Amino acid sequence: QVQLVESGGGLVQAGGSLRLSCAASGPTFRANTMGWFRQAAGKEREFATGISRSGVTTSYADSVKGRFTISRDNAENTVYLQMDSLKPEDTGVYYCAARRAITVARTPPEYDYWGQGTQVTVTS
């Protein structure tokens, strides 16, 4: 069982930056592929980015590519999401997710564990 707790969300102006963290409990963190998803009000949850168990392989949605950076620290059982050049359309609840598999996946059903989410609001 993996428990995930996100932090770092908040209110920021367009063009600003935020750094989200996801702390994982349990001894198997490094065995999990990790992902960040987001959900805007009234919309479906969508993939933002994912990272392999070693951190070598990453994947980004086109909408965040070049602006967001995912990383992980397996010694600290934490995955990070650095978000730069934020836009109002980045507003939503951001969720951390873990997947008991080798490959990075891009759809919610492929993930096994989820955090409670953290709100990110970008004002224009």
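Just so we're clear, the structure is a prediction, and the values are computed from it rather than from any experiment.
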What one should report as the nearest heavy-atom pair of Y80 and D73 is CE1-CB, 4.2 Å

d(I102 CD1, S52 OG) to nearest 0.5 Å is 10.0 Å

Check for me, please, whether V2 and I51 land in the same ILVMFWY cluster - side-chain distances under 4.5 Å, paths through other members count.
yes

With hydrophobic residues grouped by side-chain heavy-atom distances under 4.5 Å, do V93 and W114 end up in a single group? yes

- Query: So, do T49 and F68 sit near enough that their side-chain heavy atoms are less than 4.5 Å apart?
  - Reply: no

The residue among K87, R38, E46, E89 that forms side chain to side chain donor-acceptor pair (under 3.5 Å) with S63 is R38

Rounded to the nearest 0.5 angstrom, the CD-OG1 distance for Q116 and T118 is 11.5 Å

When every non-hydrogen atom of S124 is compared with those of A14, the smallest separation belongs to CA-CB, 4.3 Å

Note: A40 and T91 closest approach over all heavy atoms is CB-O, 3.8 Å

Do V122 and Y60 sit in one hydrophobic cluster, given that two such residues count as connected whenever their side-chain heavy atoms are within less than 4.5 Å of each other, even indirectly? yes

| query | Has the side chain of N74 got a donor or acceptor atom that lies under 3.5 Å from a matching backbone atom of S54? | reply | no

Hydrophobic cluster membership, with links at side-chain heavy-atom distances under 4.5 Å among I/L/V/M/F/W/Y: are L20 and V64 in one? yes

- Side chains of S59 and F47: does their closest heavy-atom pair fall under 4.5 Å? yes

Of all heavy-atom pairs linking Y111 and A105, the shortest is OH-O, 2.7 Å

CG of L11 to CD of Q13, rounded to nearest 0.5 Å, is 8.0 Å

Separation between CG (L4) and OG (S25), nearest 0.5 Å, reads 7.0 Å

For T103 and R99, test the side chains for any donor-to-acceptor distance below 3.5 angstrom and give the result as yes or no.
yes

Minimal heavy-atom distance between M34 and C22, with the atoms involved, is CE-SG, 4.4 Å

Taking every heavy atom of C96 against every heavy atom of V79, the minimum-distance pair comes out as SG-CG1, 3.7 Å

Between E6 and W36, is any pair of side-chain heavy atoms under 4.5 Å apart? yes

Taken to the nearest 0.5 Å, the spacing of D112 CG from Q1 CD works out to 10.0 Å

Rounded to the nearest 0.5 angstrom, the CD-CZ distance for Q82 and R19 is 6.5 Å

- Item | Neighbour count >12 (heavy atoms, 6.0 Å) for atom CD, Q119 | yes

Do the non-hydrogen side-chain atoms of D90 and M83 ever get within less than 4.5 Å of each other? no

Worksheet item: Does one hydrophobic cluster hold both V120 and F37, with members joined at side-chain heavy-atom distances below 4.5 Å?
Response: no

Report yes or no: is the cationic atom of R72 (NZ for Lys, CZ for Arg) closer than 6.0 Å to the six-membered ring centre of F29, at no more than 45° off its axis? yes

